[in-house]
Amino acid sequence: MWWFGFPAIMKGFLDRVWQNGLAYGLGSTLKGKKFRYLALVGGSQEGFVKYGWEKNMTDYFKGMMSYLEVEDTKIDFLYNTLGLEDSVSEQHYKDLFKQARTIVNDLNQ
């Protein structure tokens with residue numbers, strides 16, 4: 001995430017690749033697929049939730065995927081990826097990688 005939205009490179013990808021006939025409409029290849037988003041948040045969960053950004057981003061992703069007729073979608077947030085609001089230890093970063101691996105591994109089940 002970049003300033004509570006898609007980074008420009010991801011927005012460009014969505015605009016250019018997810019076109020009618022591929023992502024939606026007749027011939028859609030995404031319908032019925034399973035999607036997981038992993039959003040990296042530089043600050044704490046407390047600050048992110050306090051201003052409603054977690055709900056905002058979750059609603060945005062779910063709305064977008066609903067338009068594409070993808071019913072199995074989920075967004076997970078990894079917090080304090082930059083340690084901006086809290087001092088974080090090396091163990092914190094190891095835990096973030098473990099959390100990410102768990103999310104990816106759960107896709108196979």
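The structure presented is a predicted model; accordingly, all values stated were derived computationally and were not measured. Nothing fancy with the numbering, it's 1 onward along the sequence. When reading the values below, keep in mind they use all heavy atoms of this one structure, side chains included, and skip hydrogens, waters and symmetry mates.
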- I would like to know whether Val41 and Leu78 meet side chain to side chain contact (heavy atoms under 4.5 Å, CB included); could you show each step before the answer? CA-CA 6 Å; Val41 180; Leu78 298 182; over 6 Å; no
Could you go through residues 22-34 and list every donor-acceptor pair under 3.5 Å that involves a side-chain atom there, pairing it with any protein atom two or more places apart or in another chain?
{"unit_1": "Ser28", "atom_1": "OG", "unit_2": "Ala23", "atom_2": "O", "d": "3.2"}
{"unit_1": "Ser28", "atom_1": "OG", "unit_2": "Leu30", "atom_2": "N", "d": "3.3"}
{"unit_1": "Ser28", "atom_1": "OG", "unit_2": "Lys31", "atom_2": "N", "d": "3.4"}
{"unit_1": "Thr29", "atom_1": "OG1", "unit_2": "Leu22", "atom_2": "O", "d": "3.0"}
{"unit_1": "Lys31", "atom_1": "NZ", "unit_2": "Glu69", "atom_2": "OE1", "d": "3.3"}
{"unit_1": "Lys34", "atom_1": "NZ", "unit_2": "Gln109", "atom_2": "O", "d": "3.1"}

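- Identified under the ring pair (Phe, Tyr, Trp, His ring centres under 6.0 Å) test for residues 89-109, with sequence neighbours left out: none.
- Partners of Lys74 according to the salt bridge (Lys or Arg N to Asp or Glu O under 4.0 Å) rule, which considers only residues two or more places apart in sequence or in another chain, are Asp76.
- Atom OH of residue Tyr60 and atom CD1 of residue Ile75 lie 11.0 Å apart, to the nearest 0.5 angstrom.
- Taking 4.5 Å as the limit, every side-chain heavy atom of Phe35 sits out of range of all side-chain heavy atoms of Phe61.
- Here the straight-line distance linking atom OG1 of Thr81 with atom CG of Leu96 works out to 7.0 Å at 0.5 Å rounding.
- Tyr79 and Glu54 form a side-chain donor-acceptor contact under 3.5 Å, judged by distance and modelled atom types alone.
- For residues 96-106, the set of pairs meeting the salt bridge (Lys or Arg N to Asp or Glu O under 4.0 Å) definition, not counting sequence neighbours, is empty.
- Here Lys55 pairs with Asp59 under the side-chain hydrogen bond (donor to acceptor under 3.5 Å, both in side chains) rule; sequence neighbours left out.
- For Gln91, the side chain to side chain contact (heavy atoms under 4.5 Å, CB included) criterion is met by Ser89, Lys94, Asp95, not counting sequence neighbours.
- Two different hydrophobic clusters hold Tyr37 and Val104 under the rule that ILVMFWY side chains link at heavy-atom gaps under 4.5 Å.
- Looking at residues two or more places apart in sequence or on another chain, you find a side-chain hydrogen bond (donor to acceptor under 3.5 Å, both in side chains) between Asp72 and Arg36.
- Residues satisfying the salt bridge (Lys or Arg N to Asp or Glu O under 4.0 Å) test with Lys50, not counting sequence neighbours, are none.
- For Lys62, there are no salt bridge (Lys or Arg N to Asp or Glu O under 4.0 Å) partners two or more places apart in sequence or in a different chain.
- For Glu71, the side-chain hydrogen bond (donor to acceptor under 3.5 Å, both in side chains) criterion is met by no residue, not counting sequence neighbours.
- Heavy-atom contacts from other residues, nucleotides or ligands closer than 6.0 Å to CG of Leu107 number more than 12.
- Going from atom CG of Leu14 over to atom CD1 of Ile9 covers 11.5 Å, rounded to the nearest 0.5 Å.
- With sequence neighbours excluded, the residues satisfying side-chain hydrogen bond (donor to acceptor under 3.5 Å, both in side chains) with Asp15 are Lys11.
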